[in-house]
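Here is the naming used below: chain letters follow the sequence lines, and residue numbers restart at 1 for every chain. These numbers were taken from a predicted model, which means no experiment stands behind them.
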Number of protein chains: 2
Amino acid sequence: MARPKSTDKQVALLKAAVQAIASDGLGAPTSKIAKLAGVAEGTLFRYYATKDELINEVYLYLINLMNESIYKKSDPSSTLYERTEAIWNNYIDWGVAHPVENSAISQLAVSEKITAESHERVMQLCIDLHGKDISDLFLTEQNVSTFYVDAVMNALAQVTVNFVISHPAEATKYKQVGFKIMWKGLTQS
Amino acid sequence: MARPKSTDKQVALLKAAVQAIASDGLGAPTSKIAKLAGVAEGTLFRYYATKDELINEVYLYLINLMNESIYKKSDPSSTLYERTEAIWNNYIDWGVAHPVENSAISQLAVSEKITAESHERVMQLCIDLHGKDISDLFLTEQNVSTFYVDAVMNALAQVTVNFVISHPAEATKYKQVGFKIMWKGLTQS
DNA sequence: CTTACATGAGTGATTGATCACTCAGTTAAG
DNA sequence: CTTAACTGAGTGATCAATCACTCATGTAAG
């Protein structure tokens, strides 16, 4: 074997792309991404054959990163309400604490460069992580799709994150209000 | 006076930009927009000094267009529940019936090319149209911002539109489910 | 009314900048 | 040594924006 590829550089490129997308949108030039990662532009294309491939990898990377922070092992004696609220709070906190990553995710999620396969993988990951709770306990008698419920939760959380970022003084209040809206909306009355 | 500018062309450019953005994203070339509008590329820049200016005008145009369809005069004897449900259904129906416009709005809403002023104008428009209902009757005792409630409603409607577009067979069901989630979430329990 | 003139809308080839991606030469890990 | 990672100047394509020019329209002098 000759020189191996470096995981450090692979990750540095992902992180750099997140920064660049947050500040310049998806039009961020590969030259800038490479510079931020501390490698030559050519190296970028050794790790990711095309810019689109890089963008899709960035999307999956960010979703995984976020899910790791959101989904922590919970006290088995806790109620569903408590467990759901903990995940909700982790979600909002993560978004507020990582505005750059949050901005990048928002833009990637609606981009036409994200392939159907990437969307599929993200959906599957979310369902794997908290689909059981959702499908077992929310609206199941109405036979509502887990995908829909998950999308609703994400949308409400996203709105709350953006609101809290622009109104930091009322962060605690809107975190609570947002959770109550979600809970009341999604559970049986 | 010389030849006056044509409102027809101005509107044709806006409509063409919507098409182009829906199919190519915000990277849609001005040459394509001009071609779709049936004018020369140079003419585009007589009506809109820069591409960014055009993009902002497209955003305001779409929001106005959508609001016109959503907000129709309602029976004064109707209840708040009935009135709100009617607006909700109009919103979902409009999004489903206008997937191109809907796609363009989704992309424009998170673009960094939309100025703070444009966002401000859109918010103000929404508040002007249905802010009274919202602030008078939802969660007012908790002193929750009308902006937040409006953002929540928009997010829920957007999720529902996208879900209905990809699951047309269950359109009626998810329209109803979506409305119930919103109503239960936002009204006093 | 007629006609010369003034104005600015309309055009599309051109320009200069930028970008994604390549490749020949260089470096370093095994 | 061998081999593949690494580099960054180079390339061709693309794009936003410009510009010199045409022509439709409105104005006013005779």
Side-chain angles (χ1 to χ4, degrees), chain A residues 1-61 104 107-108 111-115 118, chain B residues 1-61 104 107-108 111-115 118:
Chain A
M1 279 284 199
R3 191 148 44 144
K5 278 192 200 174
S6 135
T7 309
D8 283 2
K9 275 173 189 151
Q10 217 227 129
V11 174
L13 281 164
L14 290 175
K15 288 184 177 174
V18 171
Q19 295 287 129
I21 289 169
S23 81
D24 297 6
L26 294 172
T30 49
S31 57
K32 181 171 182 173
I33 296 170
K35 195 171 228 171
L36 282 169
V39 301
E41 195 173 358
T43 304
L44 185 155
F45 290 94
R46 215 150 251 297
Y47 286 83
Y48 305 97
T50 63
K51 191 187 177 187
D52 279 12
E53 187 183 314
L54 169 63
I55 284 173
N56 277 272
E57 292 297 324
V58 168
Y59 184 49
L60 296 169
Y61 162 75
Q107 299 192 53
L108 289 164
S111 163
E112 75 289 8
K113 304 207 166 178
I114 302 297
T115 64
S118 293
Chain B
M1 281 280 209
R3 189 154 35 150
K5 277 191 197 173
S6 136
T7 308
D8 283 2
K9 274 173 189 149
Q10 218 228 130
V11 174
L13 280 164
L14 289 174
K15 288 184 176 172
V18 171
Q19 296 286 128
I21 289 169
S23 81
D24 295 6
L26 293 172
T30 50
S31 59
K32 181 169 182 175
I33 296 170
K35 195 171 227 171
L36 282 169
V39 302
E41 195 174 359
T43 306
L44 186 155
F45 290 94
R46 280 203 178 273
Y47 285 83
Y48 304 98
T50 64
K51 192 188 176 187
D52 278 12
E53 186 182 315
L54 169 63
I55 284 173
N56 277 270
E57 292 297 324
V58 168
Y59 184 50
L60 296 169
Y61 163 76
Q107 299 192 53
L108 289 164
S111 163
E112 76 288 8
K113 304 206 166 180
I114 301 297
T115 64
S118 293

Do you know the tightest heavy-atom contact between A/A28 and A/I33? O-CD1, 4.2 Å

Taking only heavy atoms on the protein side, list every residue of residues 9-26 of chain B lying under 4.0 Å from any atom of DNA chain C, sorted numerically. B/K9

side-chain hydrogen bond (donor to acceptor under 3.5 Å, both in side chains) involving A/T43 - partner list, sequence neighbours excluded: none

Quick one, A/L54 and A/L14 - any side-chain contact, counting heavy atoms below 4.5 Å? yes

Is any side-chain N or O of A/Y47 closer than 4.0 Å to OP1 or OP2 of D/dC6? yes

Using whole Å, report how far OH of B/Y48 lies from P of C/dA9. 14 Å

Report each atom pair, protein N/O against N/O of nucleotides 17-21 of chain D, whose distance is under 3.5 angstrom.
unit_1	atom_1	unit_2	atom_2	d
D/dA17	OP2	B/K51	N	2.8

I need the minimum non-hydrogen distance between B/L44 and B/A34, along with the two atoms involved. CD1-N, 4.2 Å

Picking from C/dA9, C/dT27, C/dT11, the nucleotide nearest the side-chain atoms of A/R3 would be C/dT27

If you find the nucleotide of DNA chain C closest to B/L44 and the one closest to A/G27, which residue's nucleotide is nearer the 5' end? B/L44

Do B/N56 side-chain atoms and B/T115 backbone N/O form a donor-acceptor pair below 3.5 Å? yes

Looking for any heavy atom pair under 4.0 Å, which part of the strands does B/A28 touch: base, sugar-phosphate only, or nothing? sugar-phosphate

Without decimals, in angstroms, what is the distance between A/K35 NZ and C/dC19 C1'? 15 Å

Output the rounded distance in Å from CG (A/D8) to P (C/dA29). 13 Å

Sole residue of B/K35, B/K51, B/E41 in side-chain hydrogen bond (donor to acceptor under 3.5 Å, both in side chains) with B/T30: B/E41

With a 4.5 Å limit on heavy-atom distance, are the side chains of A/V18 and A/Y61 in contact? yes

Going through the checks in order, is the side chain to side chain contact (heavy atoms under 4.5 Å, CB included) test met by A/Q10 and A/E57? CA-CA 10 Å; A/Q10 217 227 129; A/E57 292 297 324; 5.7 Å; no

With distance as the sole test, does A/Y47 use its side chain to make a donor-acceptor pair with the main-chain N or O of A/S6 at under 3.5 Å? yes

Closest to the side chain of A/P4, out of C/dG30, D/dT25, C/dT11, is C/dG30

